[in-house]
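Below, read A as the first sequence line, B as the second, and so on, with proteins coming before strands; counting in each chain starts at 1.
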Amino acid sequence: MLQIYNSYSKHKEVFKSIEPNKVRMYVCGITVYDLCHLGHARMFVVFDVVFRYLQRLGYDVTYIRNITDIDDKIIKRAAENGEDYFVLTQRYIDLMHKDCRALGVLPPTVEPKATENIDEIIRMVSTLIEKGYAYQAQNGDVYYRVKRFESYGGLSGRNIDELRAGERVDIDEHKEDPLDFVLWKAAKPGEPTWASPWGEGRPGWHIECSAMSTRFLGNHFDIHGGGMDLQFPHHENEIAQSEACTGEPYVNYWIHNGFIRMDGEKMSKSLGNFFTVQDVMKRFRPEEIRFFILSSHYRSPLNYTDANLQNARSSLSRLYTALRGWERVDSQALFDESPIVAYTERFETAMNDDFNTPEAFAVLFDMATEINRHRDENPEYAQNMAHALRENATVLGLLQEDAEVYLHSAPAKLEGDQLERDEIEALITERSKARQTKNWAESDRIRDYLKEQGVVLEDSGENTIWRRE
RNA sequence: GGCGCGGUGGCAGAGUGGUUAUGCAGCGGACUGCAACUCCGUAUACGCCGGUUCGAUUCCGACCCGCGCCUCCA
């Protein structure tokens, strides 16, 4: 039975979907004005695993992940570049998709954009005004009237008075209340705009998610996710907008992923201490990055260090090594037999506990040990265990590559020369000849040379296999 | 200041009121021409102080330290 930590209740709760066998899930994607950094990657990967695991449990999942393609930062960046905002956003959307593909992130069911849902946004703002939850101010902006929404603060655990007393609320003379937030921004010269009942303008940030989630998932849906930093005010505001608009509960389970850290601090754009996914992929395989992300629980902070990425490399190498030689055979004779099923049950128990991927990893490693242990003496069992290992890893989006291909692949986009496969194999042949004549000096010379080139040899009897490290 | 999260062995990272997490690294052994891979074995642990308990790393309280949100941010 799946349990999910609900950020709203601050407890783990048994997951029960609104409709039997169906899950409707919305996740806040990114604002597309720059390259994805590791923090974005964590969000993509974490919710990809949620998506995959819900499907594994047999749910028909509708997964919506939006793209924010109009906002202040986009407009500013486009102006700096002297290009149209939609040229800028399209470029970064393409790059985001490229990063996601590399990281093994499955496409969501629908990936809506703010600018393609302006009608829905306008409709929602209109309803909020009609119901007295919103008002147009002197400056033309439309604001949400926070004090009208009684349960405001429920998600982030704060109340309106505390927020008002907070030091960082900036006073805006146009707002009735400093906590009110913008739903529709009146046009400023030179900005992209859309026509609306309140004049030319563009949507505020929070409203797009309310509008798009409602459009694609209905008024009330199962899961809403995003980064921890979106809990307040973004998600709090979404609840206020949607529930005020529809009069129905908005979301049953809120899931928030933790941050990536650099030297103990949150990795973020504003602090400037971030690595882009592309930066890291110059030195590590995308799968190593994915492994690194899933090696800690999704709600915990995750420290970015070279050592941790190296650790992911070694660990993944161990798993692929166990899979080597058991490639994609359909035989399932033993797959359903109890010793193997027991591991899969342990794996699911781990995942059922709020997507405990580190615990799930432990099971995968135990399976790997089991394969290695029985490789020679009971190959049929090992084969089926390998099959089961791969099946379980699929839920994490890992170990999908052919083991031999993975282990032969370059772990980094090295500058300079890298030995080609043919050269490596020629050297191995040469070394084998030396070994046959017990010319150990020559044999070791070749092995040392390859080692310097990042190629490790493994002898087993007459055969020698290799991998890159 | 308000709200919240966390401090686990050399590193990373789960978990539990009494029994091996797991991975990497270390040590010993097997395998090997030597290695690598693999297997077997093994050491190192639960921030500090009290309390509850037969027994606490695990529950409760205080304290120290770190982090996050309160402002755009995954």
Answer yes or no: side-chain N or O of A/Asp444 and base N or O of B/G33 forming a donor-acceptor pair under 3.5 Å.
yes
With rounding to whole Å, what would you report as the distance between B/G33 and B/C27 at their C1' atoms?
25 Å
Given the P atoms of B/A25 and B/C11, what is the spacing between them in whole Å?
16 Å
Verify, without hydrogens or angle tests, whether A/Glu442 (side chain) and A/Asn439 (backbone) share a donor-acceptor contact under 3.5 angstrom.
no
For B/C39 versus B/G51, give the span between their C1' atoms, rounded off to a whole number of Å.
48 Å
Can you tell which of B/A14, B/G23, B/C37 lies closest to the side chain of A/Phe365?
B/G23
Counting any heavy atom closer than 4.0 Å, what does A/His234 reach on the DNA or RNA strands: base, sugar-phosphate only, or nothing?
nothing
Is a side-chain N or O of A/Thr464 found less than 3.5 angstrom from the main chain of A/Ser460, in a donor-acceptor match?
no
Please check the phosphate of B/A14 (OP1 and OP2 only) for any side-chain N or O of A/Ser300 closer than 4.0 Å.
yes
Which is true for A/Gly39 with a 4.0 Å heavy-atom rule: it touches a base, it touches only sugar-phosphate, or it touches nothing?
base
Taking the nucleotide of RNA chain B with the nearest heavy atom to each, does A/Gly227 or A/Leu302 sit closer to the 5' end?
A/Leu302
Residue A/Glu80 excluded, over 12 heavy atoms near CD under 6.0 Å
yes
Base, sugar-phosphate, or nothing for A/Arg158, non-hydrogen atoms under 4.0 angstrom?
base
Rounding to the closest angstrom, what is the interatomic distance between B/A74 and B/A14 at atom C1'?
24 Å
Does any nucleotide pair with B/U16 by Watson-Crick or G-U wobble geometry, both distances under 3.5 Å, and what is it?
none
Closest nucleotide among B/C72, B/G23, B/C34 to the A/Arg435 side chain
B/C34
Which nucleotide, in any strand shown, forms a Watson-Crick or G-U wobble pair with B/C37, with both distances under 3.5 Å?
none
Roughly how far apart, to the nearest Å, are B/A45 and B/U8 at atom P?
14 Å
Tell me whether the ring of A/Trp440 lies stacked over the B/G33 base, given a 5.5 Å limit on centroids and a 30° limit on the plane angle.
yes
Ignoring the backbone of A/Arg447, work out which of B/A35, B/C37, B/C70 is nearest its side chain.
B/A35
So for A/Ser443 and B/G33, does any side-chain atom that can act as donor or acceptor lie under 3.5 Å from a complementary atom in the base?
yes
Residue A/Arg42, side-chain atoms from C-beta onward, closest of B/G23, B/C37, B/A74
B/A74
Among B/A14, B/U38, B/A74, the one nearest A/Glu359 by side-chain distance
B/A14
Name the nucleic acid region contacted by A/Ser460, choosing base, sugar-phosphate or nothing; use a 4.0 angstrom heavy-atom cut-off, strictly under.
nothing
From B/G23, B/G68, B/C73, pick the nucleotide closest to the side chain of A/Phe259?
B/G68
Closest-nucleotide mapping onto RNA chain B: is A/Asp459 or A/Gly157 further toward the 5' terminus? I mean the 5' end.
A/Gly157
Within a reach of under 6.0 Å around CG of A/Asp263, are more than 12 heavy atoms found that belong to other residues, nucleotides or ligands?
no
Consider salt bridge (Lys or Arg N to Asp or Glu O under 4.0 Å). Of A/Asp72, A/Asp34, A/Asp71, which one does A/Arg77 pass it with?
A/Asp34
Name the nucleic acid region contacted by A/Lys73, choosing base, sugar-phosphate or nothing; use a 4.0 angstrom heavy-atom cut-off, strictly under.
sugar-phosphate
Whether the side chain of A/Thr68 engages the backbone of A/Thr31 through a donor-acceptor N/O pair (distance < 3.5 Å, no angle test) should be reported.
no
Identify whether any heavy atom of A/Arg467 sits under 4.0 Å from a base atom; if not, whether one sits that close to sugar-phosphate; answer base, sugar-phosphate or nothing.
sugar-phosphate
Shortest side-chain distance from A/Ile30, nucleotide among B/A74, B/U22, B/C11:
B/A74
How far, in whole Å, is B/A43 from B/C70 if one measures between their C1' atoms?
47 Å
Starting the side chain at C-beta, find the nucleotide from B/A74, B/A36, B/G23 nearest to A/Met267.
B/A74
Base, sugar-phosphate alone, or nothing: which one does A/Gly258 contact when heavy atoms must sit under 4.0 Å apart?
base
Looking at the side chain of A/Thr369, which of B/C40, B/C73, B/C34 is the nearest nucleotide?
B/C40
Check the phosphate of B/C73 against A/Trp205, side-chain N and O only, distance under 4.0 Å to OP1 or OP2. Yes or no?
yes
Strictly by Watson-Crick or wobble contacts shorter than 3.5 Å, is anything paired with B/C31, and which nucleotide is it?
none
Would you mind classifying the nucleic acid contact of A/Asn308 as base, sugar-phosphate or nothing, using non-hydrogen atoms under 4.0 angstrom?
sugar-phosphate
Mind checking if A/Phe44 touches a base, just sugar-phosphate, or nothing, with heavy atoms under 4.0 Å?
nothing
Heavy atoms only, 4.0 Å cut-off, all strands: where does A/Arg431 land among base, sugar-phosphate and nothing?
base
Over 12 non-hydrogen atoms of neighbours within 6.0 angstrom of NZ in A/Lys10:
yes
With a 4.0 Å cut-off on heavy atoms, is A/Asp366 in touch with a base, just the backbone sugar-phosphate, or nothing at all?
sugar-phosphate
If you look at every strand shown and take non-hydrogen atoms under 4.0 Å, does A/Arg261 touch a base, only sugar-phosphate, or nothing?
sugar-phosphate
Can you tell me which nucleotide in B/A21, B/C72, B/C69 comes closest to the side chain of A/Ala362?
B/A21
Hey, does the side chain of A/Arg346 come within less than 4.0 Å of B/A21's phosphate (OP1/OP2), counting only N and O?
no
Regarding A/Leu457, tell me which of base, sugar-phosphate or nothing describes its non-hydrogen contacts under 4.0 Å with the strands shown.
base
When you compare B/C3 with B/G9, how far apart are their C1' atoms, in angstrom units rounded to a whole number?
34 Å
Test ring-ring contact (aromatic ring centres under 6.0 Å, His included) applied to A/His234 and A/Phe181, A/Trp254, A/Trp205, the passing residue:
A/Trp205
Using a heavy-atom cut-off of under 4.0 Å over every strand shown, decide if A/Ile260 touches base, sugar-phosphate, or nothing.
base
Please check: side-chain N/O of A/Lys175 versus main-chain N/O of A/Asp180, any donor-acceptor pairing under 3.5 Å?
yes
